[in-house]
Amino acid sequence: TNCLIQANVDIGSNVIMGPDIKVYSRNHKFNSIDTPIQAQGKNYYRTTIGNDIWIGANVLILAGVNVGDHSIVAAGSIVTKDVPQYAIVGGNPARVLKFRND
């Protein structure tokens with residue numbers, strides 16, 4: 001298992017994760033075309049993974065995303081925006097496939 005979880009990531013209780021998960025909380029700044037990207041610093045965000053969540057293998061969760069309680073993230077997904085509670089999401093970018101409570 002090779003997981004990468006950056007600082008400023010909150011993880012709730014009863015969360016299960018497959019192997020090779022990446023959860024980010026920062027991105028490079030790139031606003032200036034006169035300054036190398038490497039020298040522009042980073043933006044920091046809070047990324048939140050709620051309670052009672054299953055995250056499949058090889059998932060990437062981008063900085064600032066909130067994964068709602070009781071949700072499932074399908075293997076191989078790239079999560080670019082917030083996941084509602086009880087949602088089952090998948091794909092690239094991840095989208096709601098259905099809800100567990102429907």
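Remark: the backbone N or O of Y24 is paired with a side-chain donor or acceptor of T47 at under 3.5 angstrom. With hydrogens and angles ignored, the 3.5 Å screen pairs no side-chain donor or acceptor of N8 with any backbone N or O of S25. A donor-acceptor contact shorter than 3.5 Å links the side chain of D82 to the backbone of N66. The backbone N or O of A94 lies less than 3.5 Å from no partner atom in the side chain of S77, so there is not a single donor-acceptor pair. Using modelled atom types, no side-chain atom of Q85 and backbone atom of H70 make a donor-acceptor pair closer than 3.5 Å. Panel note: side chain D69, backbone N51; a donor-acceptor pair is recorded below 3.5 Å. In this structure a side-chain-to-backbone donor-acceptor pair under 3.5 Å is present from S32 to D34.
By the criterion of side-chain heavy atoms lying less than 4.5 angstrom apart, applied directly or through intervening Ile, Leu, Val, Met, Phe, Trp or Tyr residues, V65 is grouped together with V96 in one hydrophobic cluster. I72 and V15 end up in different hydrophobic clusters when Ile, Leu, Val, Met, Phe, Trp and Tyr side chains are linked at under 4.5 Å.
Put simply, the residue from I5, I55, I21 that forms a side-chain contact (heavy atoms from CB on, under 4.5 Å) with I49 is I55. Considering V59, I61, L60 as possible partners of I78, the one that fulfils the side-chain contact (heavy atoms from CB on, under 4.5 Å) test is L60.
The environment of CZ in F30 is sparse: at most 12 heavy-atom neighbours from other residues, nucleotides or ligands sit within 6.0 Å. The neighbour count for I33 CD1, taken as heavy atoms of other residues, nucleotides or ligands under 6.0 Å away, does not exceed 12.
I88 CD1 to W54 CH2: the interatomic distance, rounded to the nearest 0.5 Å, is 9.0 Å. Atom CG in N27 sits 7.0 Å away from atom CG in L62 (nearest 0.5 Å).
Within the 4.5 Å cutoff, the side chain of Q6 has heavy atoms near those of the R26 side chain. Side-chain contact between I11 and M17: present, with at least one pair of heavy atoms (C-beta onward) separated by less than 4.5 Å. Within the 4.5 Å cutoff, side-chain heavy atoms of R100 are placed close to those of D52. In this structure the side chain of S71 never reaches within 4.5 angstrom of the side chain of V89, judged on heavy atoms.
Among all heavy-atom pairs drawn from P84 and F99, the shortest one is CB-CE2, 3.9 Å. Considering all non-hydrogen atoms of both residues, A63 and Y45 come closest at CB-CD1, 3.7 Å. Nearest approach of N43 to K29, heavy atoms of both residues: OD1-CE, 3.0 Å.
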